[in-house]
Amino acid sequence: MILVRVTPASKSVTMLSIPRDLWVPLSTGHSAKIDLAYQEGGAKAAIDTVSNNFKIRIDEYAWIGLKGLVQLIDRLGGVDVVTTNPVLDDFYPADLAGGDPYGYQRVAVLSGPQHLDGLQALEYVRSRHNIIRAHFGLSERHTQVLVALRARPAGLALDNLPVLHTP
């Protein structure tokens, strides 16, 4: 989950990545990892859980999902990032590669300037093995790709998002 605040008056955007393993009271009535809220009660439960725990109002949300992120980045012609640490993962889920949905594949993204298509960008932001700084490193990669998308000439406009809803 990434919480985004857009302030049109100052033309600013603030992003907060919420670690999926954050243990919180869920709106569904018990405490668990925050990512379970969506699984148990869909978007409404996830929004209510974030709103209750962070004391904020959520006006709109976008559900993009894994395939949606790939499609969005491909639609914008890819994304340019400068990776500071390599991503080497021998246990990346092969669920989108068309093979065994329970299998693994090797993912490698080297350090330095990279132009990533949608699938490569997903691998970069989703890989969870052998990462420097654990969840903080993962969160930094998410933010890095979102900022790079915003810098694309086509931009990351709301009308480019696959699904946009009002709660």
Side-chain angles (χ1 to χ4, degrees), residues 1-8 10-22 33-39 43 46-47 50 54 58 60-165:
M1 289 183 196
I2 298 177
L3 189 60
V4 178
R5 180 178 182 179
V6 178
T7 309
S10 62
K11 297 182 180 179
S12 65
V13 176
T14 308
M15 294 184 288
L16 173 67
S17 181
I18 301 173
R20 69 187 193 135
D21 292 337
L22 184 65
K33 294 178 181 180
I34 198 165
D35 67 340
L36 190 62
Y38 187 87
Q39 184 178 340
I47 289 168
V50 171
F54 291 93
I58 297 175
E60 295 180 291
Y61 73 94
W63 170 255
I64 296 175
L66 301 178
K67 291 179 182 176
L69 180 65
V70 170
Q71 293 169 1
L72 173 65
I73 292 171
D74 284 344
R75 190 180 332 171
L76 295 174
V79 63
D80 296 315
V81 296
V82 178
T83 62
T84 55
N85 299 306
V87 175
L88 302 169
D89 187 349
D90 288 325
F91 300 100
Y92 184 83
D95 52 355
L96 293 181
D100 178 2
Y102 301 103
Y104 299 106
Q105 67 186 54
R106 173 176 269 184
V107 167
V109 180
L110 302 178
S111 296
Q114 306 288 333
H115 181 79
L116 306 174
D117 67 18
L119 192 56
Q120 292 166 325
L122 177 67
E123 292 169 352
Y124 179 63
V125 301
R126 189 179 180 210
S127 175
R128 286 180 161 59
H129 298 93
N130 297 323
I131 58 174
I132 297 174
R133 301 189 61 227
H135 286 293
F136 294 107
L138 190 62
S139 176
E140 287 170 1
R141 292 198 317 256
H142 294 167
T143 302
Q144 184 183 27
V145 168
L146 286 174
V147 169
L149 280 171
R150 183 68 181 111
R152 297 284 306 145
L156 182 57
L158 292 179
D159 57 345
N160 283 332
L161 294 175
V163 180
L164 183 65
H165 301 279

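Computed from a predicted structure; not experimentally measured.
To the nearest 0.5 Å, atom CD1 of residue Ile2 and atom CG of residue Leu146 are 4.5 Å apart. Remark: Leu119 CG to Gln71 CD distance equals 11.5 Å, nearest 0.5 Å. Remark: Asp80 CG to Leu116 CG distance equals 8.0 Å, nearest 0.5 Å. Atom OG1 of residue Thr143 and atom CZ of residue Arg141 lie 11.0 Å apart, to the nearest 0.5 angstrom. To the nearest 0.5 angstrom, Asp89 atom CG is 10.0 Å from Tyr104 atom OH.
Residues Ile34 and Pro19 approach most closely at CG2-O, 3.4 Å, considering heavy atoms. The two atoms that bring Leu3 and Ile18 nearest to each other are CB-CD1, 4.4 Å, heavy atoms only. Among all heavy-atom pairs drawn from Val109 and Thr83, the shortest one is CG1-CG2, 4.1 Å.
Between the His115 side chain and the Val81 main chain, no donor and acceptor come within less than 3.5 Å of each other. Looking at Gln39, its side chain never comes within 3.5 Å of a backbone N or O of Asp35 through a donor-acceptor pair.
With Asp117 as the fixed residue, the side chain to side chain contact (heavy atoms under 4.5 Å, CB included) test singles out one of Asp74, Ile73, Val70, Leu122: Asp74.
Remark: Arg126 qualifies as a cation-pi partner of Tyr92 under the 6.0 Å distance and 45° angle criteria applied to the six-membered ring.
Contacts of Tyr38 classified as side-chain hydrogen bond (donor to acceptor under 3.5 Å, both in side chains), with partners at least two apart in sequence or in another chain: none.
Side-chain contact check for Gln114 and Tyr124: no donor-acceptor pair (N or O, by modelled atom type) lies under 3.5 Å. Gln105 and Glu123 share a donor-acceptor pair across their side chains, judged by distance under 3.5 Å alone.
Counting heavy atoms from C-beta on, the side chains of Val50 and Met1 come closer than 4.5 Å. For the pair Leu69/Val125, a side-chain contact is recorded, criterion being any heavy-atom separation below 4.5 Å from C-beta on.
Contact check on Lys67 versus Asp95 returns no salt bridge, with no Lys/Arg side-chain nitrogen under 4.0 Å from an Asp/Glu carboxylate oxygen.
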